[in-house]
Asks: 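Structure provided below as structure tokens; questions to follow.
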Amino acid sequence: INGLHPSVDRTCGLHVHIDLHDFTWKEVRSLVVLWSRYEPFLYEMVPENRRVSSYCNPIHKRAWGDHPASTWRQVTLAMRARNEGEFTSALASLDRRMALNLQGWWRNRRVEVRLHSGTVNYEKIRKWAMFLLALVGRAKHPTMPKIANEVNYRSGRGFDTYYVCKMLGLVKTKLEPDAAPEGAMLFEWVDSRRKTFSQGRTTRAPASPAQRAPAEGSALASYLSTVT
């Protein structure tokens, strides 16, 4: 890539397409729940030009204290769907210019994440892709607790990096005693980006260093290892 001398500016975005051919509609629904629950956290990882861009609109909200987006009613119906027909009916009309674009699921069993700012930096692309794969992998994880089909928080207080990484199986906990070895690296990268871009919008205290220790080996490792 560098040999081509590429360049990006503030109008560019990095779009990641993720293959979900082995996902059932219920597992895609779980992914929608997870994304909705942590969407403000994900917006905290990107610069201002992406947070306000009309090319990566939220399906829930951009910031913890915001009112839900206009799409939230459709997304709520999808999360409560009792069958694939109801799920499709709720989401199939969503605009593709969402931070999580679901339109590809009905065409080619893929979803597109449009949130990250434009970059040709390999390490940024790699780490962002790995973090997204951890999120996707959590929706299909066979041993961690079942994902409830709702998003329940009401306060403007957000989740810190440790909590989100814990819930995605990236740090060693009772939920995931065998966290992926890449978890420590991703934790530090995610936390660094939030400190750079969140500008004080986060309200929960960061985790202590002792809470951050990952273990080796994980069911999520099969997803993470696809990006090398």
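Heavy-atom basis, side chains included; hydrogens, waters and symmetry copies ignored. Nothing fancy with the numbering, it's 1 onward along the sequence.
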Asks: Between Glu188 (side chain) and Met185 (backbone), is there a donor-acceptor pair under 3.5 Å?
Replies: no
Asks: Say you draw a straight line from OG of Ser53 to CG of Leu115; how long is it, rounded to the nearest 0.5 Å?
Replies: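 Reported to 0.5 Å precision, the distance equals 9.5 Å.
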Asks: Among pairs that include at least one residue of residues 89-99, which meet salt bridge (charged side-chain N to carboxylate O under 4.0 Å, His left out), considering only residues two or more places apart or in two chains?
Replies: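 Checked against salt bridge (charged side-chain N to carboxylate O under 4.0 Å, His left out) - neighbours excluded - the pairs reaching residues 89-99 are Asp95-Arg97.
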Asks: Determine all donor-acceptor pairs shorter than 3.5 Å in which one atom belongs to a side chain in residues 83-90; sequence neighbours excluded.
Replies:
from: Asn83; atom 1: OD1; to: Gly85; atom 2: N; distance (Å): 3.1
from: Asn83; atom 1: OD1; to: Glu86; atom 2: N; distance (Å): 2.8
from: Glu86; atom 1: OE1; to: Arg82; atom 2: N; distance (Å): 2.8
from: Glu86; atom 1: OE1; to: Arg82; atom 2: NE; distance (Å): 3.4
from: Glu86; atom 1: OE2; to: Arg82; atom 2: NE; distance (Å): 3.2
from: Glu86; atom 1: OE2; to: Arg82; atom 2: NH2; distance (Å): 2.7
from: Thr88; atom 1: OG1; to: Glu84; atom 2: O; distance (Å): 3.0
from: Thr88; atom 1: OG1; to: Trp106; atom 2: NE1; distance (Å): 2.9

Asks: Return the OG1 to CZ distance between Thr161 and Phe41, rounded to the nearest 0.5 Å.
Replies: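 Thr161 OG1 to Phe41 CZ: 4.0 Å, rounded to 0.5 Å.
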Asks: Go through the structure and list residues passing salt bridge (Lys or Arg N to Asp or Glu O under 4.0 Å) with Arg114, not counting sequence neighbours.
Replies: Glu112
Asks: Starting at SG of Cys12, measure out to OH of Tyr55 and round the result to the nearest 0.5 Å.
Replies: 11.5 Å
Asks: Counting only N and O atoms by type, is there a donor-acceptor contact under 3.5 Å from the side chain of Lys140 to the main-chain atoms of Asp22?
Replies: yes
Asks: Please name all residues satisfying side chain to side chain donor-acceptor pair (under 3.5 Å) with Ser7, sequence neighbours left out, ordered by chain then number.
Replies: none
Asks: Walk me through it: do Phe197 and Arg50 pass the test side-chain contact (heavy atoms from CB on, under 4.5 Å)?
Replies: CA-CA 11 Å; Phe197 297 121; Arg50 296 307 290 173; over 6 Å; no
Asks: Side-chain contact, heavy-atom cut-off 4.5 Å: Pro47 with Arg193?
Replies: yes
Asks: Test of understanding: with side chain to side chain donor-acceptor pair (under 3.5 Å), list the residues that count as partners of His5, not counting sequence neighbours.
Replies: none
Asks: How about Arg109: does its CZ atom have over 12 heavy atoms from other parts shown lying under 6.0 Å from it?
Replies: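 More than 12 heavy atoms, drawn from other residues, nucleotides or ligands, come within 6.0 Å of this atom.
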Asks: Checking Trp35 now: which residues fulfil ring-ring contact (aromatic ring centres under 6.0 Å, His included) with it, not counting sequence neighbours?
Replies: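 Expected list: none.
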Asks: For the pair Asn57 (side chain) and Ser54 (backbone), establish whether a donor and an acceptor sit closer than 3.5 Å, ignoring hydrogens and angles.
Replies: yes
Asks: Which distance, rounded to the nearest 0.5 Å, do you find between the CD of Glu39 and the CH2 of Trp64?
Replies: 9.5 Å
Asks: To the nearest 0.5 Å, what is the distance between CE (Met79) and CH2 (Trp72)?
Replies: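 Reported to 0.5 Å precision, the distance equals 3.5 Å.
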Asks: Closest heavy-atom contact between Leu170 and Ala134?
Replies: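 Distance-wise, the nearest heavy atoms are CD2-CB, 3.9 Å.
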Asks: Tell me, do Val190 and Val164 make a side-chain contact under 4.5 Å, heavy atoms counted?
Replies: no
Asks: Between Val32 and Leu91, is a side-chain contact (heavy atoms from CB on, under 4.5 Å) present by the stated rule, with each step listed?
Replies: CA-CA 10 Å; Val32 170; Leu91 293 181; 4.3 Å; yes
Asks: Minimum heavy-atom separation for Asn121 to Thr119, with atom names?
Replies: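 It is N-OG1, 2.9 Å.
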Asks: Please name the pair of heavy atoms, one in Val16 and one in Trp128, separated by the smallest distance, quoted to 0.1 Å.
Replies: CG2-CD1, 3.8 Å
Asks: I'd like to check Trp189 versus Met45 (side-chain heavy atoms, cut-off strictly below 4.5 Å). Are they in contact?
Replies: yes
Asks: Judged by atom type as modelled, is there a donor-acceptor pair below 3.5 Å linking the side chain of Arg138 to the main-chain atoms of Leu34?
Replies: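 Here the side-chain-to-backbone pair does not exist.
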Asks: For Tyr43 and Arg62, work out which heavy atoms get closest and say how close.
Replies: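 Distance-wise, the nearest heavy atoms are CB-O, 3.3 Å.
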Asks: Test side-chain contact (heavy atoms from CB on, under 4.5 Å) on Leu186 and Leu168; report intermediate values, then the result.
Replies: CA-CA 11 Å; Leu186 287 176; Leu168 297 184; over 6 Å; no
Asks: Report the residues that fulfil side chain to side chain donor-acceptor pair (under 3.5 Å) with Asp19, sequence neighbours left out, ordered by chain and then residue number.
Replies: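 Side chain to side chain donor-acceptor pair (under 3.5 Å) check on Asp19 returns His21.
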Asks: Using the test side chain to side chain donor-acceptor pair (under 3.5 Å), find all partners of Ser93 that sit at least two apart in sequence or belong to another chain.
Replies: Gln74
Asks: So, using side chain to side chain contact (heavy atoms under 4.5 Å, CB included) as the criterion, who are the partners of Asn108 when residues are at least two apart?
Replies: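 In terms of side chain to side chain contact (heavy atoms under 4.5 Å, CB included), with neighbours along the sequence ignored, Asn108 is linked to Arg110.
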Asks: Checking Glu44 side chain against Ser198 main chain: does a donor-acceptor pair fall under 3.5 Å?
Replies: no
Asks: For the residue pair Val8 and Gly118, what are the closest heavy atoms and their distance?
Replies: CG2-O, 3.6 Å
Asks: Is it the case that one hydrophobic cluster holds both Leu77 and Ile59, taking links as side-chain heavy atoms less than 4.5 Å apart, direct or via other members?
Replies: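 In one cluster: no.
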Asks: When rounded to the nearest 0.5 angstrom, what is the spacing between OG in Ser192 and CZ in Phe187?
Replies: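 Between atom OG of Ser192 and atom CZ of Phe187 there are 11.5 Å.
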